[in-house]
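A short write-up of the structure that comes next.
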Amino acid sequence: MQRTLVVYNSRFGTTYEIAKKIGLILGPSKVIKYDEKNIDINEYDFIVFGTPVYNGSIDENIIKFILKNINQLKVKKCAAFCCCIKDKDKEKYFKPLKEILGESLIFFEGFTGRIKEEELTVNDLNEIRLLFHQNNLKLECFDNIKIDEIIDFALKLKHMKEDLLTNKIPEAKLKFYVEEFLNCHSTCTLSTASNKRVRGTPIEYNYKNNYIYLLTEGGEKFCNLLKNCSVSVSVYDNFQGMGKLAGMQIQGEAFLIDEKSREYKDVLNLRGINYENIIKLPITMNIIKIKLLKAEFIYSKFKSLGYDSKQIYYFTR
Ligand SMILES: Cc1cc2nc3c(=O)[nH]c(=O)nc-3n(C[C@H](O)[C@H](O)[C@H](O)COP(=O)(O)O)c2cc1C
């Protein structure tokens, strides 16, 4: 699987905090300060640089790190983020990195960072006063780290990295293995969420033509489904070793099938259940239909076929 190296520098810890969060989302990863020893860039596929902005420039140690390792970095994919007071100036800040890394730099982002007056020296304070004055900003301590922006950035990088770096299995073959896997299994974990309520429900399913069908008496999963139709479905084998991984995480949208509809009867049929027997029951059996959107499939078999063991499959394509 693709490994990510996050290289940062930070004076007051803002860039470090963001680097750590990005490292968690992009894992497998390692987060290092620019001066860490014994790091072999060749062990990593994707490199993310995190730098603060001081005096109108990104950190010179990060630039030196890049220049020192430029031959290795030029053949990799890189991204970068900076912490600053005005994220709109990111184009200007990243100009030197764009020039050095060229096509290898696939994306960069600016985050508004943090300033704590009590942490600043007199010189810092004077500099900051001037900076705020030049930018028509009111001098104040500010803490503008927005976790949602960091998550969006990390997810964007994750998707770009997967798209650019995965040794992809041909689409038709992938479809075959995805459907084979779903058809060979019968039980999934249905994950639903709304506000602070989360629930993972082990439940039997049937798969057909990009949909999963679940027969259910009801229960707390509906507290979530009634508010949020976005679900995740996991299907997996028991762990038998790193060379025998097999697990799928699927994103989908859930709908309730009307019990008077033709579709309701068809799904019961698919399951080998007689409709007449179901309507005789003293309770209603509900059918949830999940439109499958995207599967992340980790399957060691792909590796033995010469592809990456993790593949992404879009059901709707
Ligand atoms: C002395 C000083 C100079 C700064 N100069 C700039 C600047 O020129 N442009 C900018 O956007 N932000 C500037 N900042 C804001 C920092 O980039 C911001 O506080 C950032 O969160 C610091 O990251 P760090 O905690 O990882 O060092 C400056 C901050 C200080 C204290």
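The figures that follow rest on heavy atoms only: side chains count, while hydrogens, waters and symmetry mates do not.
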Task: Residues Lys168, Asp163; criterion side-chain contact (heavy atoms from CB on, under 4.5 Å); working and verdict - done: CA-CA 9 Å; Lys168 290 181 192 147; Asp163 196 43; 3.0 Å; yes
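- Glu217 CD: 12 or fewer foreign heavy atoms inside a 6.0 Å radius.
- Taking 4.5 Å as the limit, every side-chain heavy atom of Leu97 sits out of range of all side-chain heavy atoms of Phe108.
- No side-chain heavy atom of Ile32 sits under 4.5 Å from any side-chain heavy atom of Val6.
- Of the possible donor and acceptor atoms, none in the side chain of Asn69 sits under 3.5 Å from a partner among the backbone N and O of Gln72.
- Proximity of Ser191 to Arg199: side-chain heavy atoms (C-beta onward) are nowhere separated by under 4.5 Å.
- Hydrophobic clustering (ILVMFWY, side-chain heavy atoms < 4.5 Å, transitive): Ile150 and Phe46 are in one cluster.
- For the residue pair Met285 and Tyr264, the shortest heavy atom distance occurs at O-OH, 2.5 Å.
- You'll find the ring centres of Tyr34 and Tyr8 outside the 6.0 Å limit.
- Counting heavy atoms from C-beta outward, Leu190 and Thr192 have side chains that approach closer than 4.5 Å.
- At distances below 3.5 Å, not a single donor-acceptor pair connects side-chain atoms of Asn286 with backbone N or O atoms of Leu215.
- Closest non-hydrogen pair, Ala19 versus Val31, comes out as O-CG2, 3.7 Å.
- Atom CE of Met242 is separated from atom OG of Ser300 by 7.5 Å, given to the nearest 0.5 angstrom.
- Heavy-atom minimum distance, Thr14 versus Gly113: CG2-CA, 3.9 Å.
- Heavy atoms of other residues, nucleotides or ligands lying less than 6.0 angstrom from NZ of Lys310 number more than 12.
- Side chains of Leu155 and Ile151 form a contact here, defined as non-hydrogen atoms less than 4.5 Å apart.
- A donor-acceptor pair under 3.5 Å is absent between the side-chain atoms of Lys158 and the main chain of Phe153, judged by distance alone.
- Ion pairing between Glu179 and Lys175 holds under the 4.0 Å rule for side-chain N and carboxylate O.
- Under a hydrophobic-cluster definition in which Ile, Leu, Val, Met, Phe, Trp and Tyr are linked whenever side-chain heavy atoms come within less than 4.5 Å, directly or via other members, Val267 and Ile279 are assigned to the same cluster.
- Shown here is Lys68, whose NZ atom has no more than 12 heavy atoms of other residues, nucleotides or ligands within 6.0 Å.
- Counting heavy-atom neighbours within 6.0 Å of Phe94 CZ, excluding the residue itself, gives a total above 12.
- Counting heavy atoms from C-beta on, the side chains of Phe181 and Met248 come closer than 4.5 Å.
- Neither Tyr207 nor Phe255 shares a network with the other; the hydrophobic side chains, linked directly or stepwise wherever heavy atoms of I, L, V, M, F, W or Y lie under 4.5 Å apart, form separate groups for each.
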- [ ] May I have the step-by-step check of side-chain contact (heavy atoms from CB on, under 4.5 Å) for Lys76 and Ser104, ending in yes or no?
- [x] CA-CA 6 Å; Lys76 306 233 175 249; Ser104 301; over 6 Å; no
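- Remark: Lys265 qualifies as a cation-pi partner of Tyr275 under the 6.0 Å distance and 45° angle criteria applied to the six-membered ring.
- Between Lys291 and Glu253, no side-chain nitrogen of the basic residue sits less than 4.0 Å from a carboxylate oxygen of the acidic one, so the salt-bridge criterion is not met.
- Rounded to the nearest 0.5 angstrom, Cys84 SG and Lys92 NZ are separated by 9.5 Å.
- Rounded to the nearest 0.5 angstrom, Asp266 CG and Ser261 OG are separated by 8.0 Å.
- Other residues, nucleotides and ligands contribute more than 12 heavy atoms inside 6.0 Å of the NZ atom of Lys74.
- Side chains of Tyr314 and Leu293 form no contact here, defined as non-hydrogen atoms less than 4.5 Å apart.
- Of the candidates Tyr307, Phe297, Tyr313, Phe176, Phe302 forms a ring-ring contact (aromatic ring centres under 6.0 Å, His included) with just one, namely Phe297.
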Task: Residue pair Lys161, Lys77: steps toward the side-chain contact (heavy atoms from CB on, under 4.5 Å) verdict - done: CA-CA 8 Å; Lys161 167 183 81 108; Lys77 297 294 174 207; over 6 Å; no
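- With no hydrogens or angles considered, no side-chain donor-acceptor pair links Asp59 and Thr51 at under 3.5 Å.
- The existence of a salt bridge linking Lys95 and Glu91 is excluded, since no basic side-chain nitrogen approaches an acidic carboxylate oxygen closer than 4.0 Å.
- Under a hydrophobic-cluster definition in which Ile, Leu, Val, Met, Phe, Trp and Tyr are linked whenever side-chain heavy atoms come within less than 4.5 Å, directly or via other members, Leu270 and Val235 are assigned to different clusters.
- For the residue pair Thr216 and Lys221, a side-chain donor N or O sits within less than 3.5 Å of a side-chain acceptor on the partner.
- Ile257 places none of its side-chain heavy atoms less than 4.5 Å from the side chain of Ile288.
- Residues Tyr44 and Ser29 bring no donor and acceptor atom of their side chains to less than 3.5 Å of each other.
- Interatomic distance, Glu36 CD to Leu5 CG, rounded to the nearest 0.5 Å: 9.0 Å.
- Taken from OG1 in Thr112 to CD1 in Ile85, the straight-line distance is 10.0 Å, to the nearest 0.5 Å.
- Salt bridge status for Asp237 with Lys244: absent, with no side-chain N to carboxylate O gap under 4.0 Å.
- With rounding to the nearest 0.5 Å, the separation of SG in Cys83 from CD1 in Ile58 is 12.0 Å.
- For Arg11 and Tyr54, the positive end sits near the middle of the six-membered ring, less than 6.0 Å away and at most 45° from its axis.
- For Tyr177 against Tyr299, the heavy-atom pair with the smallest separation is CD2-CE2, 4.1 Å.
- Closest non-hydrogen pair, Ile290 versus Gly252, comes out as CG2-CA, 4.1 Å.
- Ion pairing between Lys280 and Glu276 fails under the 4.0 Å rule for side-chain N and carboxylate O.
- Counted within 6.0 Å of NZ on Lys98, heavy atoms from surrounding residues, nucleotides or ligands total more than 12; the atom is thus considered enclosed.
- Within 6.0 Å of the NZ atom in Lys30, the count of heavy atoms belonging to other residues, nucleotides or ligands does not exceed 12.
- The hydrophobic cluster containing Leu182 also contains Ile169, counting ILVMFWY residues as joined when their side-chain heavy atoms lie under 4.5 angstrom apart, directly or transitively.
- In this structure, the side chain of Tyr205 engages the main chain of His185 through a donor-acceptor pair within 3.5 Å.
- Here Phe315 and Tyr211 keep their ring centres 6.0 angstrom or further from each other.
- Although no hydrogens or angles enter the test, the distance criterion places no donor-acceptor pair under 3.5 Å between the side chain of Asn228 and the main chain of Asn224.
- A donor-acceptor contact closer than 3.5 angstrom is absent between the side chains of Gln311 and Thr166.
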Task: Full working for side-chain contact (heavy atoms from CB on, under 4.5 Å) between Asp148 and Lys146 - done: CA-CA 6 Å; Asp148 284 339; Lys146 296 193 183 77; 5.6 Å; no
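- Nearest heavy-atom pair, Ile312 versus Leu174, reported as atom, atom and distance to 0.1 Å: O-CD2, 3.3 Å.
- The closest donor-acceptor contact from the side chain of Asp45 to the backbone of Arg3 lies under 3.5 Å.
- For His159, the NE2 atom counts as densely surrounded, since its 6.0 Å shell holds more than 12 non-hydrogen atoms of other residues, nucleotides or ligands.
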